[in-house]
Amino acid sequence: MNKLAVASVIVDVPTMQTNRPFEYEIPSALTDVVIPGVRVEVGFGRGKRKIQGFVMEVKKTSDFTGKLKPIIRVIDVKPVLSSEMIKLSYWLADRTYSFQISCLQTMLPNVMRAKYKQFIQAAPGFEQDPEVQQLLNGHLLVELTNDTTDEKIKEIAHLKRSEKINIEYVVENQANSLTRQAVTTELSKDALLKSREGLRKNALAQQKLYDYLIKEYDNLPVESSVIEKQNDIARSTLKTAEKNGAVKFVEITKRRKPVGIIPEQQKAPTLTDEQSEAVSKINSAIDSNDPKTFLIEGVTGSGKTEVYLQTMQQALNQGKTALMLVPEISLTPQMVNRVVGRFGDQVAVLHSGLSSGERYDEWSRIEDGSVKVVVGARSAVFAPLKNIGIIIIDEEHEASYKQDDNPRYHARDVASWRSKFHKEPLVLGSATPSLESRARAEKGVYQMISMKKRINDHPLPHVQIVDMRDAENSAVKGDFSPLLKDNIWRAMKRNEQAIVLLNRRGYSSFLMCRECGFVLKCPNCDVSLTYHKNLGKMKCHYCGHEEPVPHICPNCKSKKIGFYGTGTENIENQLNEMFPEARVLRMDVDTTRRKGSHAAIIKQFGEHQADILLGTQMIAKGLDFPDVTLVGVINADTTLSISDYRASERTFQLLTQVSGRAGRADKEGHVIIQTYNPDHYAIKDAAKQDYETFFKQEMYLRHQSGYTPYYFTTLVSVSHQDEGQALKQSFWLKKQLQAVLSDQAVLLGPSPTMISRKQNKYFYQIIVKYKRGPELHQRLLEILSETQSETKRGFTIAIDNEPQHID
DNA sequence: AGCACGCCGACT
DNA sequence: GTCGGCGTGCTC
């Protein structure tokens with residue numbers, strides 16, 4: 001009998017050199033337990049280091065010529081990775097040029113990441129050694145933490161060299177954190193009552209505990225922490241009761257269920273013609289296991305969400321599951337209630353507000369099949385659903401679907417992969433599709449579904465563009481044109497609400513001297529410091545460096561140093577000055593930092609407890625406020641000035657979306673867009689809510705300049721402490737790439753990134769535009785492994801496939 | 001990553 | 001000589 005005795009393991013060491021499977025012997029005691037997808041603990045390296053790894057494959061023999069180490073321990077009882085996820089991780093690592101271990105870790109809840117600890121222990125026979133005793137200070141084990149001083153490390157290294165101490169490695173599994181200590185009783189309720197009577201008169205704490213146990217008898221076991229904190233019963237009281245046989249300590253696995261109240265079950269409304277046509281097209285793809293991609297181009301208010309819900313229902317009817325992605329920012333209670341209202345408690349919602357424990361619990365509920373519908377932001381695309389019947393991506397153009405650190409994956413690509421794996425449709429929906437998706441629909445790669453009518457024939461808002469270069473407008477002191485000011489006033493008078501959007505990208509409150517032009521910059525990074533009001537300090541967004549606000553210019557000693565640029569706070573002040581009676585709510589990064597505050601602001605505004613909602617991009621997304629009749633955009637063009645080929649697309653999308661916020665109910669909406677570029681097509685087309693015209697114009701320009709969707713783009717950046725070295729290396733890289741690319745491909749750069757210095761490293765980037773690039777892909781992978789030794793000398797190479805921003 | 005090995009200078 | 005500095009290369 002030939003046993004499967006070798007496991008192929010991806011180890012938790014994120015480096016290029018260890019980015020491949022390592023083989024381990026499966027001890028006979030662990031056969032049948034070590035199967036693909038489980039996590040294991042293995043020894044790695046020459047020392048006694050222990051780390052976590054993922055079993056990818058189990059086989060009979062190994063080609064490895066050395067001696068295989070055994071697997072030390074199996075962490076999971078059942079696999080945490082399905083065969084689908086294992087396959088997906090290979091594809092993802094290849095596509096994003098990332099380490100496979102990083103991919104595996106992103107696919108799983110954070111708690112599955114191992115925590116490593118090191119403990120110092122006296123070597124046998126050296127327990128009494130004075131040096132060892134001094135180090136351990138009477139303890140048997142001392143943890144070696146990250147904050148150990150250099151001197152102490154030296155001392156430890158000494159002792160280790162002379163073999164007086166050993167270092168013990170411990171791999172901790174954080175996912176265990178969900179078992180908690182709880183209290184219960186083995187006594188009957190009557191017995192408890194009896195014991196309660198038998199307590200001494202002055203044993204007040206015990207009496208209180210018994211009373212609690214009797215009252216909560218049906219809810220036992222209760223977590224000890226709950227009893228201790230909420231009911232102020234001391235641990236010693238519990239211990240005493242334990243001794244007396246009244247209570248018993250047990251371990252419970254607690255499932256936090258974040259979706260608290262399940263809203264009333266809602267019936268599916270009748271569909272419009274456009275909606276039912278969309279539903280039937282998608283449903284037939286579900287029925288016939290057709291992994292095609294649909295692109296729903298539907299104007300705001302056309303009822304895309306209902307199409308999503310009914311097609312998801314179809315998948316469920318077939319005994320399948322459904323996955324729906326929405327941008328984090330639209331994961332509002334309104335949205336969630338709508339889905340939960342339809343599907344009840346078979347829904348799991350994965351949003352960033354979940355604690356890591358909650359996230360793990362939701363993951364388990366999905367994994368064990370108790371959840372049929374998953375709604376979530378980007379990372380929910382890895383939800384461990386089995387037998388997926390449909391995948392939906394709402395607002396598919398959103399840049400936040402692309403992760404901006406490693407692995408730099410796009411949720412749309414992962415969804416597409418899974419759609420093919422499950423042989424089920426993928427539905428992309430947007431009022432303003434990304435150029436690449438819309439172009440694919442044009443070519444017939446995606447099937448286009450267009451929804452042009454608004455439900456109940458709500459008219460589109462009336463949009464006006466205000467040319468801020470006009471004499472009348474440039475003369476005003478603040479940032480409000482007379483027209484916008486007047487319209488806000490009117491809306492206030494009619495007791496309606498207004499939204500004011502400040503397009504603040506690349507625009508912030510930095511400090512500038514009006515005498516000499518000096519700008520306060522970060523000493524480590526090449527960016528200006530921004531003012532943080534709650535800190536009262538200047539802060540760097542990249543490295544976190546802080547310093548006090550100077551009152552005289554460090555350069556010319558003038559006192560004319562002050563803030564420059566329009567921040568939300570500044571606009572808020574202007575609004576308060578102009579409309580002293582209006583209640584202004586501000587929503588930006590500062591006011592929404594606290595968990596739940598985003599939802600709180602939306603709720604407050606939705607209940608008309610404020611008159612004006614002022615904010616940045618985040619107010620533009622999918623919110624429905626019936627009393628809003630006016631939307632004002634202060635500076636429509638700041639996103640245009642960014643040196644990014646997607647600048648026009650982003651501007652168009654933002655303006656179209658925010659305009660959709662006005663007048664969704666019976667009242668007509670009015671939108672005022674202030675700009676210095678009134679003739680720009682992105683602004684003009686957005687004002688007309690005319691996606692198709694914009695699409696044609698933008699496609700023409702992309703074609704002219706050779707960008708997505710006509711070309712693929714890959715961004716390669718090189719960094720080093722020394723600017724010259726970084727530049728030298730990037731020229732070398734360019735030469736390497738040139739050699740494998742055809743004449744059709746274009747290489748731009750190397751050029752310094754917009755922020756050319758971050759954390760004291762210099763960054764240069766090369767943009768590669770190409771039509772067909774298997775050679776490029778191969779060469780980039782090779783370069784990554786060839787340059788691994790350079791990595792240690794301070795070089796880093798980062799590759800971003802289809803970047804969302806070039807900066 | 002983290003560790004051992006190994007090759008150099010300056011110390012009992 | 002040898003201790004300990006850091007550079008190099010390997011980990012099943």
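A, B, ... follow the sequence lines: proteins, then strands. Residue 1 opens every chain.
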Are A:Y97 and A:H777 close enough that their ring centres sit under 6.0 Å apart?
yes

Nearest to the side chain of A:R46, heavy atoms from C-beta on, is which of B:dG2, B:dA4, C:dT11?
B:dA4

Could you check whether A:K78 pairs with A:E367 (Lys NZ or Arg NE/NH1/NH2 to Asp/Glu carboxylate O, under 4.0 Å)?
yes

Residue-phosphate contact under 4.0 Å: A:K160 side-chain N/O, B:dA4 OP1/OP2:
yes

Given atom CZ of A:F54 and atom P of C:dC12, what is their separation to the nearest angstrom?
19 Å

ring centroid sep under 5.5 Å plus plane angle under 30, A:F64 with C:dC12:
yes

For the pair made of NZ in A:K69 and P in B:dC3, what is the distance, rounded to whole Å?
12 Å

CZ of A:F99 versus P of B:dA1: gap in Å, rounded?
8 Å

Quick one: do A:R378 and A:E328 make a salt bridge, cutoff under 4.0 Å?
no

What nucleotide among C:dT11, B:dG2, C:dC12 has an atom nearest to a side-chain atom of A:Q17?
C:dT11

From CZ of A:F44 across to P of C:dT11 the rounded distance in Å is 8 Å

Between B:dG2 (P) and A:Y116 (OH): distance, integer Å
10 Å

Length of the CE-C1' vector between A:M56 and C:dC12, whole Å:
15 Å

Would you indicate what A:Y24 reaches in the nucleic acid, counting non-hydrogen atoms under 4.0 angstrom: base, sugar-phosphate, or nothing?
sugar-phosphate

Nucleotide B:dA4, atom C1' - distance to NZ of A:K48 in whole Å
13 Å

A:E155 CD to C:dG4 P, straight-line distance once rounded to whole Å
13 Å

Establish, yes or no, whether a centroid distance under 6.0 Å links the rings of A:F44 and A:F22.
yes

